[in-house]
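When a ligand or atom number is given, it counts from 1 through the structure's own listing order. For reference, positions follow the sequence shown, starting with 1.
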Amino acid sequence: MSKRIAGPEIERLIQLLAKVPGLGPRSARRAALHLIKKKEQLLAPLADAMGEAVEKVRVCTTCGNVDTADPCMICTDPRRDPATIIVVEDVADLWALERAGAMNALYHVLGGTLSPLDGIGPDQLTIKQLVSRIAQGAIREVIIAVNATVEGQTTAHYLTDQLAGFEVKVTRLAHGVPVGGELDYLDEGTLAAALKSRTAF
Ligand SMILES: [Zn+2]
């Protein structure tokens, strides 16, 4: 145990901050000290914002996104294409795709990937909810945007099977050369996938 340098309230603040992704114990201490020094300008408004988030944040019962409204802002946005759903593993992936800004579609957050060894089967994910959204009949295309990992691809195949009975086009993200990527630096798997999914000029 390292020596305590501050009262229990401050120690607790440091310990909690250290659990935030991207902050280790060292940066947590720096962040805590910064917050304490800027008590009025930063610590108090942050505490307010966090309190409000605790009270208002909820999971969208339609798509699994997190927001302060249910259905969420994406589900109720009239400018989005209501015939296309992008299926993602996690809300972080939804945010990443939104930052890319390439499509104006609806989403469905699975909450993970199929992983029998970890006890994650179809019932632990929101697959039933996805199928019932498709069954309503308004969706024309389902874009499966899961990670290019073994679990991600297993999940993609499972979803494709589940959606086989519906009049819906099921597509997936292209696998291949990243934008700005040099061929020489790519692994064999990525190069092979890029060759297989080549497109016409
Ligand atoms: Zn939603």
query: Looking at CD1 of I134 and CD of E167, how far apart are the two atoms once the value is rounded to the nearest 0.5 Å?
result: 13.0 Å
task: For R80 and A105, indicate whether the former's side chain and the latter's backbone hold a donor-acceptor pair under 3.5 Å.
output: yes
Side-chain donor or acceptor of D70 paired with backbone N/O of T61 under 3.5 Å: yes
- request: Pull up every protein N/O/S atom sitting under 2.8 Å from the Zn ion (ligand 1), skipping waters.
  value: C60 SG, C63 SG, C72 SG, C75 SG
message: For the backbone of C60 and the side chain of N65, can you confirm whether one donor and one acceptor N or O come within less than 3.5 Å of each other?
response: no
query: When you measure from the side chain of T62 to the backbone N and O of C72, does any donor-acceptor pair fall under 3.5 Å?
result: no
query: Rounded to the nearest 0.5 Å, what separation is found between the CZ atom of R58 and the CG atom of D67?
result: 9.5 Å
